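All of these numbers come straight from a predicted model, not from anything done at the bench. Numbers restart at 1 for each chain; the letters A, B, ... are given by sequence-line order, proteins then strands. These numbers come from the heavy atoms of this one structure, side chains and all, not from hydrogens, waters or symmetry mates.
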Protein chains: 2
Amino acid sequence: MKLITKNSDYAIRAISYLSGKKKPAAVSEMSRELKIPGPFLRKILQILNAEGILSSNRGKNGGFTIAVPPDKIRLTDIMLIFQEPIKPGECLIKKNPCPELGNCLLRSRLNSIKMMVERELYSITLDTLIER
Amino acid sequence: MKLITKNSDYAIRAISYLSGKKKPAAVSEMSRELKIPGPFLRKILQILNAEGILSSNRGKNGGFTIAVPPDKIRLTDIMLIFQEPIKPGECLIKKNPCPELGNCLLRSRLNSIKMMVERELYSITLDTLIER
DNA sequence: TTATAATGATACCAAGACAGTATCATTAGC
DNA sequence: GCTAATGATACTGTCTTGGTATCATTATAA
Ligand code: SF4
Ligand code: SF4
């Protein structure tokens, strides 16, 4: 059972790192500091920028800054950016084209677990994840 | 978020199918009935047999029968056979060799969700999944 | 006793997801 | 105009998942 991917994980760590900083931080710095492969981190930051969660400055002394306060960012916000969500009707099996549509007992049990998890993830905001 | 794999799903459906039957059912029959690819189902049934959950008879008129009453089989029993469990300390990320060992807040939040899910899955026995 | 219908054991294979690289273009500052 | 940074995007390697394929063995029934 894997809840989050590295994409999301790295994104969260990056945002945590940026929160508090006032000056833009470059990928090179963050890569070193967070021990995340540079090019990969860069791609992630670019996406976060496109989503409006970060903002970026190009050129020398450029880098990324946080654009949304962490207490306004939910864990599910990040996950939705990097991972495919499970659509409401779907089974908890990847690509679930199952003949037993409708009234599968297993499916309904799993779905209720899924909802529990989603509620829980939704309730987590990034500010509660930052170590001080 | 994928909770169970097809392996497990098929195993559960197969066990459900066998419960109630007194005579052995052959793979060919079950494959047809449950709409599961024959060779794949066969492999799964062989594993369940090796685990003692089913028993098998070779030769003509052979097939598989259920060896453990469904109310004694937990969902987690099946899942443990076909899917790697998440070991206690691990992060909810596949292959989690993360530098921030120990006190990661995200990790502890995810872990508590994991425990919730596992409790839930453990509480489900196969008899409660059989449609009547 | 032999043909047949079944499982046992095991090797192989294809698609997709995931994690990460590589490149070239653009922009901003000194 | 050199340099340090991001923007955009294509490419790649590896692992997992969901299967196939094959050959050996066993039990039954004609
Ligand atoms: S049998 Fe139920 S749990 Fe399995 S794939 Fe179909 S709907 Fe989902
Ligand atoms: S940062 Fe925390 S959640 Fe992410 S991989 Fe490391 S321990 Fe797990």
>> Nearest heavy atom decides the nucleotide; on that basis, is B:Phe40 or A:Asn49 closer to the 5' end of DNA chain D?
In response: A:Asn49
> Which residue, B:Pro39 or A:Gly63, contacts DNA chain D at a nucleotide closer to its 5' end, judged by nearest heavy atom?
Replying inline: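 First, find each residue's nearest nucleotide; the 5'-ward one identifies A:Gly63.
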> Does any pair with a residue in residues 20-30 of chain B pass side chain to side chain donor-acceptor pair (under 3.5 Å), and if so which ones, sequence neighbours excluded?
Replying inline: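 Non-adjacent pairs meeting side chain to side chain donor-acceptor pair (under 3.5 Å): B:Tyr17-B:Lys21, B:Tyr17-B:Glu29, B:Lys21-B:Glu29.
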Rounding to a whole Å, what distance do you find between [X]:[atom1] and [N]:[atom2]?
X       : N      : atom1 : atom2 : result
B:Glu29 : C:dA5  : CD    : C1'   : 14 Å
B:Ile4  : D:dT17 : CD1   : P     : 13 Å
A:Asn7  : C:dT21 : CG    : P     : 13 Å
A:Ile47 : D:dT6  : CD1   : P     : 15 Å
B:Arg42 : D:dC23 : CZ    : C1'   : 10 Å
B:Lys2  : D:dG18 : NZ    : P     : 5 Å
B:Gln83 : D:dT16 : CD    : P     : 14 Å
B:Leu45 : C:dA6  : CG    : P     : 14 Å

In Å and rounded to the nearest 0.5 Å, what is the [atom1] to [atom2] distance from [X] to [Y]?
X        : Y        : atom1 : atom2 : answer
B:Ile113 : A:Leu121 : CD1   : CG    : 4.0 Å
B:Met79  : B:Asn7   : CE    : CG    : 11.5 Å
A:Asp77  : A:Phe82  : CG    : CZ    : 11.5 Å

> What residues, two or more places apart in sequence or in another chain, satisfy side-chain contact (heavy atoms from CB on, under 4.5 Å) together with A:Leu80?
Replying inline: A:Pro85
>> Does A:Met115, at its CE atom, have more than 12 non-hydrogen atoms belonging to other residues, nucleotides or ligands within less than 6.0 Å?
In response: no
Considering only [options], which nucleotide approaches the side chain of [X] most closely?
X       : options               : value
A:Gln46 : D:dA4, C:dC18, D:dT9  : D:dT9
A:Lys6  : C:dG20, D:dT3, D:dG18 : C:dG20
A:Thr5  : C:dG20, D:dT6, C:dA19 : C:dA19

> A:Tyr10: what forms a side chain to side chain donor-acceptor pair (under 3.5 Å) with it, not counting sequence neighbours?
Replying inline: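 Checked A:Tyr10 against side chain to side chain donor-acceptor pair (under 3.5 Å); zero matches.
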> Mind checking what makes side chain to side chain donor-acceptor pair (under 3.5 Å) contact with A:Ser55, not counting sequence neighbours?
Replying inline: A:Thr65
> In residues 73-81 of chain B, what residues come within less than 4.0 Å of DNA chain C, judged by heavy atoms?
Replying inline: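 Under 4.0 Å from DNA chain C: no residue of residues 73-81 of chain B.
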> A:Gln83 and A:Ser8: side-chain donor and acceptor closer than 3.5 Å?
Replying inline: yes
> Do A:Arg109 and B:Thr128 get their side chains close enough for a donor-acceptor pair, meaning under 3.5 Å?
Replying inline: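 A donor-acceptor contact under 3.5 Å links the two side chains.
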>> What residues from residues 50-59 of chain A pass a heavy-atom cutoff of under 4.0 Å to DNA chain D?
In response: A:Ser56, A:Asn57, A:Arg58, A:Gly59
>> Any side-chain N or O of A:Lys43 below 4.0 angstrom from OP1/OP2 of D:dG7?
In response: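 Checking A:Lys43 against D:dG7: no side-chain N or O falls below 4.0 Å of OP1 or OP2.
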>> On the nucleotide C:dG20, are OP1 or OP2 found under 4.0 Å from the side-chain N or O atoms that A:Tyr10 carries?
In response: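 Checking A:Tyr10 against C:dG20: at least one side-chain N or O falls below 4.0 Å of OP1 or OP2.
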